[in-house]
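Labels below follow one simple rule: chain letters A, B, ... track the order of the sequence lines, proteins then strands, and each chain is numbered from 1.
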Number of protein chains: 2
Amino acid sequence: MPSSADRAEELYEAINQLIRVHQFRDRDCICHHDVSVAQCYALETLVKRGPLRLQALAAEMYLDKSTTSRVVDSLLRKKYVLKVTDPSDQRAIQLSLTPAGEELYKTIRQDLVSEETSMIKDLPPEIVDGALTLIRQLTVTARARLGS
Amino acid sequence: MPSSADRAEELYEAINQLIRVHQFRDRDCICHHDVSVAQCYALETLVKRGPLRLQALAAEMYLDKSTTSRVVDSLLRKKYVLKVTDPSDQRAIQLSLTPAGEELYKTIRQDLVSEETSMIKDLPPEIVDGALTLIRQLTVTARARLGS
DNA sequence: TGATTATAGTTGCTACTGACAACATATCAG
DNA sequence: CTGATATGTTGTCAGTAGCAACTATAATCA
């Protein structure tokens, strides 16, 4: 029976590999379309959280507001997001997706999910369900540590 | 019972989250030391594969040779790697770690693994073993698709 | 051998990622 | 009204990453 230290070591390796492979695959997949990875992530966040202020978007993405501002800028130039000044606070802006932005994210998302689909098509459902549970558990645990 | 499409969707979400959280954590952890993430990845590859030519390192890391050349350059400046011209082929260079490079990677690695350790310390061993198996399976499957 | 071709690495260029600091503007507290 | 605070933007710097052009060396073939 492997020790706890061994398990940690192996888990590190396993997750490392998974992350690397997925990163490359996602980048390939996303960049076939009109946006970069960070830009796509911003689209995704706006799809999930709805219209947001820049600061809120930055917080959601764990990015600096300056970085976020520039990412949003590029999406603005490509007409995938809309900037509206908040009437109740002239400093703030509300960011929302244009129809084109929503459409684009939907397309990319389909591509990404279809990668997953073909990945699991030969795995038994119980296995996949197990993986799901565990991966979520790991994420929760890791996120808890991130805050500290 | 969820459909296969639902599972793919959920798996996409779950892996996405895990990757995001880990990415941030690793970056934090690595950048406390003297190197960036890519630089650390290069160190890791050299630790695992031993001395390599630049092209081989690039292939191992799935990076362009120009990108790899620059990453290596920065490690060279920091004295973590050594460049030796291959006597049998004046064009080629052998890259190897300096003692400082090995030491640095060992330290970073300990930090990274210890993150994993504290992450799994409250999870039952069977759960962790299960996650390990599944994550590896997913990596293998994803990697197979990467090649195509 | 000598000319052509192929390979190894480097460098120029472009674009994206991301943080920190300084800044302009707007809001709020006293 | 004035100082403090909050929102976004811009400047700057470093790192990531690929493509194309280049140098130098090696290999091939005529």
Side-chain angles (χ1 to χ4, degrees), chain A residues 19-20 23-45 51-78 80-96, chain B residues 19-20 23-45 51-78 80-96:
Chain A
I19 289 178
R20 225 144 253 167
Q23 249 176 333
F24 275 103
R25 219 203 40 191
D26 287 0
R27 186 153 54 82
D28 269 13
C29 185
I30 291 170
C31 294
H32 279 317
H33 300 87
D34 195 25
V35 289
S36 71
V37 175
Q39 286 160 24
C40 180
Y41 184 21
L43 290 181
E44 181 178 279
T45 307
L52 289 174
R53 286 188 176 189
L54 193 130
Q55 299 254 31
L57 180 60
E60 274 310 317
M61 297 171 71
Y62 293 91
L63 289 178
D64 191 85
K65 56 183 180 164
S66 64
T67 305
T68 310
S69 173
R70 282 184 249 255
V71 169
V72 165
D73 251 20
S74 61
L75 290 172
L76 210 71
R77 278 196 300 277
K78 295 175 187 168
Y80 294 131
V81 302
L82 226 60
K83 239 174 172 174
V84 180
T85 308
D86 186 333
S88 73
D89 183 344
Q90 297 291 121
R91 294 171 302 182
I93 54 175
Q94 279 286 326
L95 299 166
S96 54
Chain B
I19 288 178
R20 223 145 255 166
Q23 250 177 332
F24 274 103
R25 219 203 40 193
D26 287 359
R27 186 153 55 83
D28 268 13
C29 184
I30 291 169
C31 294
H32 280 317
H33 300 87
D34 195 26
V35 289
S36 69
V37 174
Q39 286 160 24
C40 179
Y41 184 22
L43 290 181
E44 182 178 277
T45 307
L52 288 174
R53 289 189 175 187
L54 192 130
Q55 299 254 29
L57 180 60
E60 214 49 70
M61 297 171 73
Y62 292 92
L63 289 179
D64 191 85
K65 57 182 180 167
S66 64
T67 305
T68 311
S69 173
R70 283 182 249 253
V71 169
V72 166
D73 251 20
S74 61
L75 290 172
L76 209 70
R77 277 195 301 275
K78 295 174 188 168
Y80 294 129
V81 302
L82 225 60
K83 240 173 173 174
V84 181
T85 308
D86 187 332
S88 73
D89 183 343
Q90 299 290 121
R91 294 170 303 181
I93 54 175
Q94 279 285 326
L95 300 166
S96 54

In chain order, what residues pass the side-chain hydrogen bond (donor to acceptor under 3.5 Å, both in side chains) check against A/D73, with sequence neighbours excluded? none
Would you kindly give the CG-to-C1' distance between B/L95 and C/dA8, to the nearest whole Å? 12 Å
Close N/O contacts between protein and nucleotides 21-30 of chain C (under 3.5 Å):
from	atom 1	to	atom 2	distance (Å)
C/dT27	OP1	A/Q90	N	2.7

Partner residues of A/Q23 under the side chain to side chain contact (heavy atoms under 4.5 Å, CB included) criterion, sequence neighbours left out: A/I19, B/Q23
Name all residues meeting the side chain to side chain contact (heavy atoms under 4.5 Å, CB included) criterion together with A/H32; count only those two or more places apart in sequence or in a different chain, and write none if there are none. none
Give me the residues of residues 36-45 of chain B where at least one heavy atom lies under 4.0 Å from an atom of DNA chain C, by number, or none. none
Among residues at least two apart in sequence or on other chains, which ones pass side chain to side chain contact (heavy atoms under 4.5 Å, CB included) with A/C29? A/D111, A/L112
For chain A and DNA chain D, what are the first and last nucleotides along the strand, 5' to 3', with at least one atom under 4.0 angstrom from a heavy atom of the protein chain? D/dA6 to D/dG18
From CG of B/L57 over to P of C/dA8, roughly how many Å is that when rounded to an integer? 14 Å
Which residues share a salt bridge (charged side-chain N to carboxylate O under 4.0 Å, His left out) with B/E44, sequence neighbours left out: A/R20, B/K48
In whole angstrom, what separates B/R53's CZ from C/dT7's C1'? 10 Å
Sorted by chain and number, sequence neighbours left out, side-chain hydrogen bond (donor to acceptor under 3.5 Å, both in side chains) with A/R91 holds for A/D89
Expressed in angstrom and rounded to an integer, what is the separation of B/L75 atom CG from C/dG9 atom C1'? 16 Å
Who pairs with A/K78 by side-chain hydrogen bond (donor to acceptor under 3.5 Å, both in side chains), at least two apart in sequence or on another chain? A/Q39
Going by the rule side chain to side chain contact (heavy atoms under 4.5 Å, CB included), which residues pair with B/L57 if we only count those two or more places apart in sequence or in a different chain? B/T45, B/L46, B/L52, B/M61, B/T68, B/V72, B/L95
B/K65 NZ to B/L54 CG distance, which is reported to the nearest 0.5 Å: 9.0 Å
So CZ of A/R70 and CG of A/L75: to nearest 0.5 Å the spacing works out to 14.5 Å
Between C/dC16 (P) and A/L63 (CG): distance, integer Å: 15 Å
Under the side-chain hydrogen bond (donor to acceptor under 3.5 Å, both in side chains) test, which residues partner A/S66, sequence neighbours left out? A/D64
